[in-house]
Amino acid sequence: DVKVTQSSRYLVKRTGEKVFLECVQDMDHENMFWYRQDPGLGLRLIYFSYDVKMKEKGDIPEGYSVSREKKERFSLILESASTNQTSMYLCASSFLSQGRAGADEAFFGQGTRLTVV
Amino acid sequence: GDSVTQMEGPVTLSEEAFLTINCTYTATGYPSLFWYVQYPGEGLQLLLKATKADDKGSNKGFEATYRKETTSFHLEKGSVQVSDSAVYFCALFRRDSNYQLIWGAGTKLIIKP
């Protein structure tokens, strides 16, 4: 079974802290994504990466950064956590397309519910 | 740009009722279309998909048909159960895009016994 594993299910952090959210996948996927999910707003893409050390901004990158030092691991960093970053964070991975069969399906982790107080 | 529009929720039904959740899309070319489901407290998982016009995706009693003429991919189930209570997301993927799915806002489904 494909597995995307997020390091924590629940996190509580203080305003101003530096926060690391970790995600690991075991399917040798090229693409990895970080989304945040808020009621009424659906999934919003924060950052994605299509290769080691490569990253692209999504729709809402402000206040976040990412790191992809190894193919299987994609980290989301909140440089200075703020209360408006309280949310559910979802990591996902997929194959790079290039016409590959099954390349279009994304696999998700369980999510990390982050509360910033 | 590409976009996906879903009916707003929550949708509340009684057990054994017929379900339809509407999804329409705007995209160039011939995207693949998906329904993902998120059960309470969980991440998303693929429910079904269709990769070309007139394809029907099906899984767990749910069905959706790729209608190019109406640019729609409505989700249906003949008889819902309490265990179907979840948030359902419609999404599209363009083959000439290497990177990302385009998501609808999600529709929360509540099934009452």
Side-chain angles (χ1 to χ4, degrees), chain A residues 1-10 21 23 25 29-51 54-60 74 88-113, chain B residues 1-11 21 23-25 27 29-52 55 57 59 66 73 86-110:
Chain A
D1 266 0
V2 173
K3 246 196 169 159
V4 179
T5 304
Q6 294 182 229
S7 52
S8 305
R9 290 293 299 270
Y10 301 94
L21 302 183
C23 176
Q25 51 93 4
H29 286 161
E30 293 88 358
N31 294 337
M32 295 189 75
F33 307 86
W34 276 107
Y35 294 92
R36 64 177 281 176
Q37 182 182 14
D38 300 288
L41 298 177
L43 271 69
R44 293 182 292 168
L45 183 65
I46 305 171
Y47 269 97
F48 64 97
S49 168
Y50 52 90
D51 199 356
M54 305 304 289
K55 61 185 178 183
E56 294 279 348
K57 292 181 180 178
D59 302 317
I60 51 163
F74 192 36
M88 169 73 95
Y89 290 87
L90 294 168
C91 175
S93 70
S94 71
F95 285 116
L96 195 66
S97 178
Q98 298 177 336
R100 189 184 319 188
D104 43 14
E105 180 178 350
F107 295 85
F108 282 81
Q110 296 280 71
T112 297
R113 185 162 294 283
Chain B
D2 297 348
S3 66
V4 175
T5 303
Q6 288 181 236
M7 61 190 293
E8 281 192 37
V11 173
I21 300 178
C23 171
T24 58
Y25 68 91
Y30 302 91
S32 297
L33 300 173
F34 303 82
W35 279 101
Y36 279 77
V37 59
Q38 183 182 34
Y39 297 106
E42 302 292 325
L44 279 71
Q45 55 186 274
L46 180 67
L47 179 60
L48 54 85
K49 69 178 186 181
T51 57
K52 60 183 188 297
D55 266 4
N59 186 25
Y66 189 141
F73 193 56
V87 181
Y88 293 81
F89 291 91
C90 186
L92 71 81
F93 177 85
R94 275 189 22 220
R95 292 183 188 84
D96 60 353
S97 162
N98 281 332
Y99 304 134
Q100 54 177 303
L101 289 156
I102 308 297
W103 295 92
T107 302
K108 185 173 185 177
L109 175 65
I110 301 168

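So you know, we letter chains A, B, ... as the sequences are listed, proteins then strands, and number each from 1.
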For A/Phe107, the option from A/Lys3, A/His29, A/Gln25 that meets side chain to side chain contact (heavy atoms under 4.5 Å, CB included): A/His29

Answer yes if the ring centres of B/Trp103 and A/Phe108 are under 6.0 angstrom apart, and no otherwise. yes

Please confirm whether the backbone N or O of A/Asp51 pairs with a side-chain atom of A/Ser49, one donor and one acceptor, at under 3.5 Å? yes

Whatever's closer than 4.5 Å to a heavy atom in chain A on B/Gln38 counts as side chain

In this structure, are over 12 heavy atoms from other groups packed under 6.0 Å from B/Glu8 atom CD? no

B/Glu42 versus chain A, heavy atoms under 4.5 Å apart: side chain, backbone, both or neither? both

Top residue by heavy-atom pair count (under 4.5 Å) with chain B, among A/Arg9, A/Arg44, A/Met88, A/Gln6? A/Arg9

Among B/Gly41, B/Ala91, B/Gly106, B/Gly104, residue most engaged with chain A (heavy-atom pairs, under 4.5 Å): B/Gly41

